[in-house]
Amino acid sequence: MTVVLGISNSDLAAATGSDAALRRFLFGLPGVDQVGAEARAAALATRSIKAATKRDLIDLAIRMIDLTTLEGADTPGKVSALCAKAQHPDPTDHTAPHTAAVCVYGDMVPHAVRALGPDSPISIAAVATAFPSGRASLDVKLLDVHDAVVNGAHEIDMVIDRGAFLSGRYLQVLEEVRAVKEACGTAHLKVILETGELQTYDNVRRASWLAMLGGADFIKTSTGKVQPAATAPVVLVMLEAVRDWFDVTGHHIGMKPAGGLRTAKDAMRMLVLVAETVGEDWLTPDLFRIGASSLLNDLLLQRQRMRDGAYSGPNYVTLD
Amino acid sequence: MSRIDVRKTHKLFVNGAFPRSESGRSYEVTDTKGRFLANAAQASRKDARDAVVAARAAFRGWSHANAFLRGQIIYRIAEVMEGRHPQLVADVMAAEGLTEARARRTVDAAIDRIVWYAGWADKLPTALGNANAVSGPFFNFSIPEPTGVVAVLAPESSSLLGLVSVVLPVITGGNTCVVVTSHTRPLPAVTWAECLATSDVPGGVVNVLTGDRAEIAPWLASHRDVDGIDCAGADASLASALEVAAAANLKRVLRPDADEDWAAHPGLRRLSRFIETKTVWHPIGV
């Protein structure tokens with residue numbers, strides 16, 4: 001059900017010219033059918049997955065995880081434990097794949113670099129730009145980003161200024177994303193929309209386009225600090241934006257739901273949404289990530305269940 | 001004009017709520033003469049898994065509640081059952097084909113047994129624990145502690161008295177449990193679950209699954225997050241298979257006794273089976 005938007009590449013260039021043009025472009029996007037989006041997300045959540053497929057999807061989901069710790073109480077020790085878990089999620093089973101990345105605060109990046117060692121296949125993602133509120137001046141935000149990149153972060157998770165977005169200063173948000181993208185250099189940029197604060201699905205769609213116009217490599221639902229976070233309808237709306245962007249520009253933008261995903265079932269549902277919305281090309285850690293901490297343990301329990309034929313328990317995974 | 005029957009489809013009791021089986025299945029329950037009584041939910045292995053998660057979550061609160069409070073809560077179950085005495089009698093009559101007088105005596109015995117166990121809650125450390133005499137400047141205490149999450153297969157024929165006789169010893173000691181009821185006579189257990197829901201027993205301490213124990217029990221026996229299993233309702237061949245599966249994580253196993261008389265005095269055999277003894281040394285004068 002591809003929406004024919006009638007947007008061309010030149011429209012995108014024109015849209016970013018002025019505040020008025022950008023507003024006209026964002027408000028020209030088709031509105032989201034709220035009931036339809038919720039019904040579609042709910043319908044896809046009931047999709048049955050057979051055992052062999054589930055086994056593959058569990059490993060795929062583990063490979064897609066950005067294993068996250070974003071607490072005020074984080075310590076170097078906690079970060080190195082997190083890195084060890086990212087490398088060998090299941091100490092009892094070395095066939096368990098490693099996660100895609102670890103996600104930490106900027107000041108913890110050097111500890112993650114040390115724990116993972118050089119040439120690690122696991123990326124280091126750092127949250128920046130005054131995460132999670134985004135309430136700081138642009139200079140401070142850029143310094144935050146620069147700091148993380150210099151310390152060795154491969155990916156930057158920035159938050160948009162929701163205050164500016166909600167009060168209609170779209171060009172300000174766009175320019176901030178652009179400035180951060182530039183500060184990232186070669187690091188990948190994930191733009192957090194914090195959908196729990198955006199009020200409507202229409203706003204989610206607009207913010208998604210805004211982030212992609214600004215140069216996001218990934219769009220991400222939430223910080224994990226605000227509820228609701230990565231609900232299925234929100235993820236659906238964002239994936240539709242990713243799909244439409246691809247139709248217009250031919251560029252693959254990644255997607256990262258984060259926050260509130262705790263069970264293997266939640267992860268399976270996300271993968272079904274991806275396959276059904278943007279297609280199976282996106283079922284790779286390069287284009288789809290799941291931001292989570294406790295989700296990994298549930299995936300491992302399911303994995304052990306399928307391996308041993310008996311239900312496993314919390315004593316068989318690490319305490320985080 | 002005759003009134004239209006209110007036909008019931010009962011549900012499970014998991015985590016203090018009454019969900020339908022995840023599988024959506026139910027089965028017909030009849031009395032001893034084959035007349036339809038009601039539909040009962042037919043639990044699947046996933047319901048058992050959810051129930052174990054609920055029991056594990058409830059374990060910390062229940063095992064750490066002080067023993068006196070636990071005793072009061074258990075006594076409260078008896079109070080609520082007393083209020084629903086007529087319904088329990090009717091359920092037991094229909095399920096077991098007893099006369100009203102005998103059903104009444106059975107329900108009385110079940111309630112009395114709960115009161116008896118309620119009294120035991122705060123006496124276990126005294127009866128099963130000890131201050132040991134040791135050679136050296138130490139205090140040495142042996143303290144009874146609950147085993148954890150226990151799967152309970154309730155007896156097939158004694159639908160209420162047998163049920164409370166296997167569940168109460170488990171929860172009195174501070175364990176939480178997942179109980180699989182009698183398959184052919186589940187309705188007294190359903191009513192009892194309603195008693196539990198309206199007494200002060202925290203959600204998840206007792207989870208009641210109706211259905212086919214041969215389908216569910218192997219998953220509970222092999223479950224790595226279950227610490228013990230009472231095989232009371234299993235026949236000999238099922239029980240030995242369960243015992244083998246239970247060995248994987250060294251569960252405490254209580255074997256079934258085909259000749260068990262549920263009306264007889266229970267003693268402390270069941271209660272002490274799901275109790276671990278922790279012994280601590282403490283230097284004197286520090």
Side-chain angles (χ1 to χ4, degrees), chain A residues 42-55 57-58 61-62 85 88-96 232 260-269 271-272 292-320, chain B residues 14-15 19-20 22-25 43-60 63 146-151 175-178 180 204 207 209 215-229 241-253 276:
Chain A
L44 289 176
T46 63
R47 179 72 53 90
S48 112
I49 298 169
K50 300 302 168 206
T53 313
K54 195 188 251 179
R55 194 170 287 127
L57 289 185
I58 285 172
I62 294 174
K85 182 156 188 180
H88 302 290
D90 189 345
T92 67
D93 184 354
H94 285 288
T95 65
L261 302 173
R262 292 200 177 79
T263 65
K265 203 173 234 176
D266 292 336
M268 301 292 112
R269 285 174 179 162
L271 297 180
V272 170
S293 40
S294 59
L295 170 67
L296 180 56
N297 275 350
D298 199 58
L299 286 165
L300 293 175
L301 292 182
Q302 294 301 318
R303 205 172 179 279
Q304 291 170 358
R305 213 283 286 152
M306 300 194 97
R307 183 190 66 200
D308 301 340
Y311 285 119
S312 191
N315 287 347
Y316 297 83
V317 288
T318 56
L319 274 174
D320 303 315
Chain B
V14 175
N15 204 18
R20 291 190 176 81
E22 163 278 337
S23 63
R25 298 175 305 176
S44 68
R45 65 179 167 88
K46 292 187 181 175
D47 295 314
R49 176 197 61 187
D50 294 346
V52 171
V53 171
R56 176 58 66 194
F59 178 70
R60 194 181 161 73
S63 60
T147 303
V149 174
V150 178
N175 302 287
T176 57
C177 70
V178 177
V180 183
N207 301 278
L209 304 178
E215 177 192 348
I216 308 165
W219 290 98
L220 288 170
S222 65
H223 199 308
R224 302 285 156 82
D225 202 26
V226 173
D227 303 305
I229 183 165
L242 296 179
E243 199 165 338
V244 170
N249 72 335
L250 307 178
K251 285 181 185 65
R252 298 283 178 200
V253 177
E276 310 296 325

**Student:** Between A/G309 and B/S222, what is the shortest heavy-atom contact and its length?
**Tutor:**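 Heavy atoms only, the tightest pair is O-OG, 4.5 Å.
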**Student:** Would you call B/D225 and A/S312 a side-chain contact if the rule is heavy atoms closer than 4.5 Å?
**Tutor:** no
**Student:** Show your working on side chain to side chain contact (heavy atoms under 4.5 Å, CB included) between A/Y316 and B/N249 and close with a plain yes or no.
**Tutor:** CA-CA 11 Å; A/Y316 297 83; B/N249 72 335; 3.6 Å; yes
**Student:** For the CZ atom of B/R224 and the CG atom of A/L301, what is their distance to the nearest 0.5 Å?
**Tutor:**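 The CZ atom of B/R224 sits 11.5 Å away from the CG atom of A/L301.
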**Student:** Surrounding CZ of B/R25 (heavy atoms of other residues, nucleotides or ligands, distance under 6.0 Å), is the total greater than 12?
**Tutor:**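 More than 12 within 6.0 Å, yes.
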